[in-house]
Amino acid sequence: IIPMGIHADDSGADLFGAILDTALGGGGLSNDTIVQGLLEALKVGTGNAVTSVSLEDGYLGNNLIKIPLPDDVQQAESLIRLAGFGDKLDEFVVSMNRAAEKAAPEAKELFMGAIKEITFSDARRILEGRDNEATLYFKDKTEDKLFKVFQPIVNEALNDVGVTKDYKELEGIINTLPIKGAGDFQLEKYVTDKALDGLFTVVAQEEKKIRENPEARVNDILKKVFGN
């Protein structure tokens with residue numbers, strides 16, 4: 001179902017573009033209805049993103065967002081494995097990603113708050129903007145707040161599974177090797193930053209689906225916007 005006068009071609013209809021065409025082209029829908037349709041689309045997209053990364057292996061099983069070993073550890077990885085500490089490295093990676101998965105559900109409330117703040121001007125900018133315009137909106141509105149919410153959860157999760165202790169041990173091993181040491185590396189900040197990068201990567205993927213998939217409508221307001 002797509003707005004009257006909008007036709008999907010072989011590349012797929014641009015869902016956001018269809019909303020804007022309906023709004024500006026006299027599609028019989030009020031600005032409030034157009035905005036509400038966009039809000040519902042964004043609720044679906046961000047909800048899907050948060051659910052996806054919150055699952056077990058939501059980060060660890062997704063190579064696009066999986067949190068890797070920090071650079072200093074990667075430099076020493078082969079030597080560390082040769083020294084018999086490969087299991088520690090593997091546990092370290094799993095634990096970082098589990099910490100991100102544990103923190104991810106906290107994003108939902110902040111995303112919903114950002115969605116409630118969207119004005120018609122914001123909506124038009126999102127509709128007319130770049131392929132990741134909605135994602136950029138969410139980053140601007142929520143990234144700092146998300147960092148403050150995520151970091152203590154990540155820190156607690158890292159401590160719960162002993163990964164902070166493991167990293168300190170790895171630092172000690174690295175410092176005995178003929179490579180640059182870890183310096184002032186901050187583990188909690190690293191994992192939190194990577195967790196947020198991964199979250200917004202998945203939000204951008206969901207936004208792409210919304211823009212390209214004319215079937216991405218699951219409730220009455222979306223059917224009204226796209227079916228009339």
Side-chain angles (χ1 to χ4, degrees), residues 46 48-108 110-111 130-132 135-136 138-140 142-209:
T46 55
N48 287 344
V50 172
T51 297
S52 172
V53 300
S54 299
L55 297 173
E56 183 172 322
D57 292 338
Y59 280 86
L60 187 65
N62 184 342
N63 287 331
L64 190 63
I65 65 171
K66 178 180 177 181
I67 301 174
L69 293 167
D71 289 344
D72 64 304
V73 180
Q74 288 188 40
Q75 292 178 46
E77 182 176 1
S78 59
L79 292 176
I80 293 172
R81 291 191 183 278
L82 283 173
F85 293 97
D87 289 347
K88 252 186 207 310
L89 289 176
D90 296 337
E91 291 170 5
F92 182 43
V93 170
V94 170
S95 299
M96 288 190 296
N97 284 275
R98 292 286 182 256
E101 292 158 10
K102 182 176 180 180
E106 301 300 318
K108 185 172 183 178
L110 289 174
F111 283 153
R130 292 159 286 185
D131 288 346
N132 64 338
T135 303
L136 295 174
F138 285 120
K139 286 191 73 171
D140 180 61
T142 68
E143 190 168 32
D144 290 344
K145 295 175 184 176
L146 281 169
F147 188 92
K148 291 177 182 177
V149 170
F150 269 45
Q151 189 164 31
I153 297 172
V154 166
N155 185 43
E156 180 181 359
L158 293 176
N159 286 323
D160 283 349
V161 296
V163 72
T164 302
K165 178 176 178 293
D166 288 345
Y167 181 72
K168 294 300 182 184
E169 292 178 7
L170 288 172
E171 273 189 315
I173 296 168
I174 291 169
N175 289 334
T176 67
L177 300 173
I179 62 171
K180 184 179 178 180
D184 60 354
F185 176 78
Q186 298 177 28
L187 177 61
E188 295 84 2
K189 183 178 186 303
Y190 171 78
V191 177
T192 302
D193 284 340
K194 291 295 185 183
L196 292 178
D197 288 346
L199 174 61
F200 284 115
T201 294
V202 177
V203 170
Q205 289 179 322
E206 291 296 326
E207 179 179 0
K208 188 172 188 292
K209 290 179 186 177

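Just so it is clear, the model here is predicted, and its values are computed rather than measured.
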### Task
Could I get the full list of salt bridge (charged side-chain N to carboxylate O under 4.0 Å, His left out) partners for Lys102, not counting sequence neighbours?
Asp160
### Listed partners of Leu136 passing side chain to side chain contact (heavy atoms under 4.5 Å, CB included), at least two apart
Arg130, Asn132
### Summary
Between Thr51 and Leu55, the two heavy atoms sitting closest are O-CG, 3.3 Å
### Query
With sequence neighbours left out, what residues match Asp90 under side-chain hydrogen bond (donor to acceptor under 3.5 Å, both in side chains)?
Arg81
### By side chain to side chain contact (heavy atoms under 4.5 Å, CB included) - contacts of Lys189 (at least two apart)
Phe147, Gln151, Gln186, Asp193
### Query
Looking at Arg98 and Glu101, does any basic side-chain N land under 4.0 Å from a carboxylate oxygen?
yes
### Query
Does Lys108 NZ have over 12 foreign heavy atoms under 6.0 Å away?
no
### Query
For Tyr190, what residues pass the ring-ring contact (aromatic ring centres under 6.0 Å, His included) criterion, not counting sequence neighbours?
Phe185
### Query
Can you tell me how far the CG atom of Leu158 sits from the OG1 atom of Thr192, to the nearest 0.5 Å?
7.5 Å
### Task
Hey, could you give me the CG/OG distance between Asn159 and Ser95, rounded to the nearest 0.5 Å?
11.0 Å
### Query
What residues, two or more places apart in sequence or in another chain, satisfy side chain to side chain contact (heavy atoms under 4.5 Å, CB included) together with Thr201?
Leu64, Ile65
### Nearest-0.5 Å distance that lies between atom CG in Asp144 and atom NZ in Lys139
11.0 Å
### Message
Which residues pass the side chain to side chain contact (heavy atoms under 4.5 Å, CB included) test with Ala49, not counting sequence neighbours?
### Response
Val202, Val203, Glu206
#### Entry: By side-chain hydrogen bond (donor to acceptor under 3.5 Å, both in side chains) - contacts of Thr135 (at least two apart)
Glu207
### Task
Could you pull out all residues at least two apart from Glu188 that satisfy side-chain hydrogen bond (donor to acceptor under 3.5 Å, both in side chains)?
none
## Note on the structure
Residues passing the side-chain hydrogen bond (donor to acceptor under 3.5 Å, both in side chains) test with Asp71, sequence neighbours excluded, are none
### Query
Is there side-chain contact between Lys88 and Ile80, with heavy atoms separated by less than 4.5 Å?
no
### Message
Donor-acceptor check, side chain of Asn97 to backbone of Ile67, threshold 3.5 angstrom: yes or no?
### Response
yes
### Query
Nearest 0.5 Å, what's the OG1-NZ distance between Thr142 and Lys148?
12.5 Å
### Task
Compare every heavy atom of Tyr59 with every heavy atom of Gly198, then report the nearest pair and how far apart it is.
CA-CE2, 4.1 Å
### Message
Test of understanding: with ring-ring contact (aromatic ring centres under 6.0 Å, His included), list the residues that count as partners of Phe138, not counting sequence neighbours.
### Response
Phe111
### Query
Which heavy atom in Val191 sits nearest to a heavy atom in Ala99, and how many Å separate them?
CG1-CB, 4.5 Å
### Task
Kindly give the heavy-atom pair with the smallest separation between Phe92 and Pro70, and that separation in Å.
CE2-CD, 3.5 Å
